[in-house]
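Here the structure is laid out as structure tokens; the discussion comes afterwards.
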Amino acid sequence: MDILTIAGLGKAFGNQCVLDDLSFSVPEGSIYGFIGKNGSGKTTTMKIVLGLLQADAGEITVCGEKVLYGDTRTNRFIGYLPDVPEFYGFMTPKEYLRLCGEITGMPTTLILSKSEELLDLVGLADAKKRIGTFSRGMKQRLGIAQALLNEPRLLICDEPTSALDPIGRREILDILLKVKERTTVLFSTHVLTDVEAICDRVGILDGGKIVLTGSVAELKNTYSSHSCTVTFRTPADAAVFQADPQLGDMKTSLRANDHSVTLPAADPEQTMAQIIRILGDTGLVPLRLETAEPKLEDIFLEVIR
């Protein structure tokens, strides 16, 4: 079953078309990576899903019910974490979650039990200080707890790791992996290593449309290839290697910087053997030889060019 379905979504601001026939679906029980450059329309899409922004065209359903602009009942299925969550800084985490629960009409006993459970989940069970003293990472974790308070079937996260340090990012990713056991996650981001770490499926947004979608494994296996990289001590050595005629057709698709040359490798062993032959014939001594699996970043750069 698909928790979220978007079909033919269109949105323009004046003469600027942001979404153009956008269509994709998010399967239940998955973490779906919604990938795109800054300004590509990810946040606009999520605001339309939440009924906060009116679409020009298309239809959205959440748990089989149609999303309506303004006052949509489908928000009872959704938890939302914006990219920069705001809180009442004078409150403690428990006080804030109690306020959120009371606003939504939850019974007091349920608010207390869910607050304890969720604060433990996000690693804030022992946090007694005021939210105003929290780090950015702690606020993101509290935001996830707040978004899960009503046990949503869909959790929408708008770039939750983009401004965090490596430790904070890892903490949020670990929490989202735990959250997958209880809800479906739409994970909007431009940090591609985070997508590779936790997502089951991805959709790449460019030009207002999904230009590529599938599981991370499928995309790596079918869309891109392995590569072999040779790193030299000097740019001159790299230039000599790059100019060698034995590279043949590979010259048209190699990538090079000052000290290294990277070759696409449908057959990594054969490509590496060719590299070693060239090194032997030219007498060049590399600092490093390595073979790399395709990365989501490589695929992303290919499809948005």
Side-chain angles (χ1 to χ4, degrees), residues 30-38 40 159 161-162 164-167 169-170 172-174 176-177 187-206 210-305:
S30 66
I31 301 180
Y32 187 95
F34 190 36
I35 310 170
K37 298 178 291 186
N38 287 334
S40 62
E159 302 200 2
T161 62
S162 60
L164 301 181
D165 60 34
I167 294 175
R169 283 174 53 206
R170 185 68 257 176
I172 296 299
L173 296 178
D174 288 343
L176 291 179
L177 283 172
F187 178 46
S188 165
T189 186
H190 62 270
V191 183
L192 300 177
T193 53
D194 291 351
V195 174
E196 287 191 274
I198 68 169
C199 290
D200 304 296
R201 297 185 64 80
V202 300
I204 298 177
L205 178 65
D206 187 52
I210 294 291
V211 293
L212 192 65
T213 187
S215 72
V216 173
E218 288 170 351
L219 298 185
K220 285 184 176 182
N221 289 335
T222 63
Y223 199 82
S224 192
S225 63
H226 288 69
S227 63
C228 295
T229 299
V230 197
T231 303
F232 296 95
R233 189 175 304 277
T234 67
D237 285 351
V240 170
F241 177 86
Q242 187 178 345
D244 194 283
Q246 294 182 69
L247 289 176
D249 293 340
M250 288 189 288
K251 283 189 176 184
T252 60
S253 53
L254 63 77
R255 302 192 307 272
N257 59 30
D258 287 346
H259 290 80
S260 66
V261 179
T262 299
L263 303 168
D267 185 337
E269 290 185 6
Q270 183 177 345
T271 302
M272 190 60 75
Q274 177 73 347
I275 290 171
I276 292 171
R277 280 195 295 271
I278 295 173
L279 293 174
D281 291 345
T282 59
L284 295 171
V285 179
L287 288 178
R288 185 168 63 249
L289 291 174
E290 54 189 342
T291 300
E293 292 184 349
K295 296 180 180 178
L296 191 58
E297 181 177 0
D298 299 326
I299 299 171
F300 178 79
L301 292 174
E302 285 185 41
V303 300
I304 66 170
R305 283 173 182 166

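Sequential numbering from 1 along the given sequence is applied to the chain's residues. Because the structure is a prediction, the values reported are computed rather than measured.
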- Message: Could you report the tightest heavy-atom contact between Asp200 and Ser30, atom names first, then the distance?
- Response: OD2-CA, 3.3 Å

- Message: Which heavy atom of Cys228 sits nearest to which heavy atom of Pro268, and what is that distance?
- Response: SG-O, 3.8 Å

- Message: Rounded to the nearest 0.5 Å, what separates atom CD in Glu290 from atom OG in Ser227?
- Response: 8.0 Å

- Search all heavy atoms of Val216 against all heavy atoms of Glu196 and return the closest pair with its distance. CG1-CG, 4.5 Å

- CD1 of Ile31 to CG of Leu173, rounded to nearest 0.5 Å, is 9.0 Å

- Query: Is there a side-chain contact between Leu247 and Leu263, using heavy atoms and a 4.5 Å cut-off?
  - Reply: yes

- Item | Atom of Val230, atom of Pro286 and distance for their closest heavy-atom approach | CG1-CB, 3.8 Å

- Student check: side-chain heavy atoms of Phe187 and Cys199 closer than 4.5 Å: yes

- Decide whether Thr189 and Asp194 meet the rule of one side-chain donor and one side-chain acceptor closer than 3.5 Å. no

- Short N-O contact, Asp174 and Arg170, less than 4.0 angstrom: yes

- Message: Looking at every non-hydrogen atom in both residues, tell me the closest pair between Ser40 and Leu205 and how far apart they are.
- Response: O-CD2, 3.4 Å

- Query: Would Leu279 and Val285 satisfy side-chain contact (heavy atoms from CB on, under 4.5 Å), going step by step from the backbone distance to the final call?
  - Reply: CA-CA 7 Å; Leu279 293 174; Val285 179; over 6 Å; no

- Item | Exercise: do Thr262 and Thr229 side chains pair donor with acceptor under 3.5 Å | yes

- Item | Residue pairs, two or more places apart or on separate chains, that pass ring-ring contact (aromatic ring centres under 6.0 Å, His included) and touch residues 262-294 | none

- Message: Any heavy-atom pair between the side chains of Thr213 and Val202 that's under 4.5 Å?
- Response: no

- Item | Interatomic spacing from CD1 in Ile167 to CD1 in Ile172 - rounded to 0.5 Å | 13.0 Å

Please list every donor-acceptor pair under 3.5 Å in which a side-chain atom of residues 269-276 meets a protein atom from a residue at least two apart or in another chain.
residue: Thr271; atom: OG1; partner: Asp267; partner atom: O; Å: 3.2
residue: Gln274; atom: OE1; partner: Arg277; partner atom: NE; Å: 3.1
residue: Gln274; atom: OE1; partner: Arg277; partner atom: NH2; Å: 2.5
residue: Gln274; atom: NE2; partner: Gln246; partner atom: O; Å: 2.6

- Note on the structure: CG of Leu177 to CD1 of Ile198, rounded to nearest 0.5 Å, is 5.5 Å

- Query: If every non-hydrogen atom of Arg169 is compared with every non-hydrogen atom of Thr193, which pair is closest and at what distance?
  - Reply: NH2-OG1, 3.2 Å

- Do Arg201 and Phe34 touch side chain to side chain, with heavy atoms closer than 4.5 Å? no

- Query: About how many Å separate CG of Asp258 and OG1 of Thr234, when rounded to the nearest 0.5 Å?
  - Reply: 10.5 Å

- Message: Counting C-beta onward and ignoring hydrogens, is there a side-chain heavy-atom pair between Asn38 and Glu159 closer than 4.5 Å?
- Response: yes

- Message: Once ring-ring contact (aromatic ring centres under 6.0 Å, His included) is applied, what residue pairs with a partner in residues 241-260 remain, sequence neighbours excluded?
- Response: Phe232-Phe241

- Message: With rounding to the nearest 0.5 angstrom, report the CZ to CG distance, Phe300 to Asp206.
- Response: 7.0 Å

- Between Val195 and Ile35, is any pair of side-chain heavy atoms under 4.5 Å apart? yes

